[in-house]
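Owing to the predicted nature of the structure, the values given are computational and were not obtained by experimental measurement.
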Amino acid sequence: MKRRSSLGLLAVLLKAPDTLAAPTSPSQASIIAVRVWPAQEYTRVTIESDKPLATRHFLVEAPHRLVIDVDGLELSPGLRELIGKVKADDPYITGVRVGQNTPTVVRIVLDLRQPVAPQIFTLGPVAAYKHRLVFDLRPKFEADPLLALAQEGDKKPAIPAPASPAQRAQAAASAVNDALGELIQKIERPPSPAVPAAATASAATPPPPPPVVAAASKPAPAPAPSSAPAAEPKIDRLIIIALDPGHGGEDPGAIGPSGLREKDVVLAVAHKLRERLTTNANIRVLMTRDADFFVPLHERVRKARRVQADLFVSIHADAFITPKARGASVFVLSDGAATSAAARWMADRENAADMVGGVNVGAATKDANVLRALLDMSTTAQIKDSLKLGGEVLGQIGRVGKLHKTRVEQAGFAVLKAPDIPSILVETAFISNPEEEKKLRDPDYQDQLVDALATGIARYFAKNPPMARKRSTTL
């Protein structure tokens, strides 16, 4: 009875009559906008106001709820919009209730699908935003990313595991060698009269996953030495490629003259590239974000390191103060000064994404400090390999369209600071240029970019096959 009475009182507070909401006084905040960004990784709720908001919150079980009391606020039509913003398929929220708890306190109750570890923080004005109150609803227990990648193989043909450890190791090495060979054969080798028509069509439309028998066969030697692996290295793991579509969620990135948003076009390109790469059953792709939500820069790096990715490719669309700037670029990390003023300017712009997207500084400090310490240890080998990867990708992109710079540039991009993963940042084109914005919007041009990126990756692996290495503890 006591529990039912408590819930009844809560319901009364939440269903307070509209007469409790008097006109907003000058000392109280006004709501500018409310936004909800649902994703499997986490759901973000943002309340934007003209003045900073102070909150208190607590969790309730059976059923799971998050209760937030917002001080200095009165119920308004703008705040009530939050109720309709929650989608039926939101992974974390089943519903929202708002009510005037006291004359100066609004209570928000989020009904939850699962236990969460909420992060609630405020952000000051930046870019086009005023003050923001942010609720990040993250799962109480973080999923294992390696397990998730492994489970992707359940949807594809797999070779039965041999009985002995020695046989398993040999089979794993053979599978990855075949993966490299098939990837390079499908992506890089130009069509010839001897190649069946079905194979030549793969350049335009990604083929279905190869059957088991195809994975067991070796591809025919390529005409060019760079078209196939130079050696047969012993490899005891799958190839893992991290794709990083820039920006997302609260951070739209650059916006073109006709309104095309960077976060949308780079996500589309990343999805197509993942589809292209994973036509091979022995290749896995980790996407730092696979939907429209924000991921802090340090978290993008941490995700790649947790699965010990073999490559990290961050995808962006450039912008500049003049619409005349055009052409694609490829960047790698610099351990000193940037190679040009433009590279330094670009790094500063991309590194500001955390301020726009909204980072919980307290939660990010630990990971950022760890990554900084790792970076200080040594990045010489990483930069050397990144330059090789960047050179291959830049050469292929140059066949698709104009290059802004004919060489790989270097600058202090925060998202490239994984000390043990070759990492590049690709600026696909200048979205601020009307002609290039139109091309970026074109699905056919996106396909050409995907072809160039995939071929560059294949050529890098052909010359620098990933050697077997022992899995280490990741962040």
- [ ] Could you tell me whether Gln114 atom CD has more than 12 heavy atoms of other residues or ligands within 6.0 Å of it?
- [x]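 Correct, the count exceeds 12.
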Task: Pair Asp90 + Arg113: basic N to acidic O under 4.0 Å - done: no
Open item on the list: Tell me whether Asp447 is salt-bridged to Lys272, with the criterion being a basic N under 4.0 Å from an acidic carboxylate O.
Closed with: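 Salt bridge: yes.
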To check you understand the geometry: which heavy-atom pair defines the closest contact between [X] and [Y], and what is its length?
X: Gln40; Y: Tyr92; answer: O-OH, 2.7 Å
X: Arg261; Y: Ile255; answer: CG-CG1, 4.3 Å
X: Leu123; Y: Gly358; answer: CD1-CA, 3.3 Å
X: Leu311; Y: Ile421; answer: C-CG2, 3.7 Å
X: Leu440; Y: Ala317; answer: CD1-CB, 4.0 Å

TODO: Report the relative orientation of the aromatic rings in Phe413 and Phe331; use parallel for angles under 30°, tilted for 30 to 60°, perpendicular for over 60°.
DONE: tilted
Task: Modelled atom types, side-chain donor and acceptor of Ser258 and Glu437, under 3.5 Å - done: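 Yes, Glu437 and Ser258 have a side-chain donor paired with an acceptor closer than 3.5 Å.
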Open item on the list: What I want to check is whether the side chains of Thr102 and Arg107 have a donor and an acceptor closer together than 3.5 Å.
Closed with: no
Task: The single option from Glu262, Arg289, Lys263 passing side chain to side chain donor-acceptor pair (under 3.5 Å) against His247 - done: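 Result: among Glu262, Arg289, Lys263, Glu262 is the only option passing the side chain to side chain donor-acceptor pair (under 3.5 Å) with His247.
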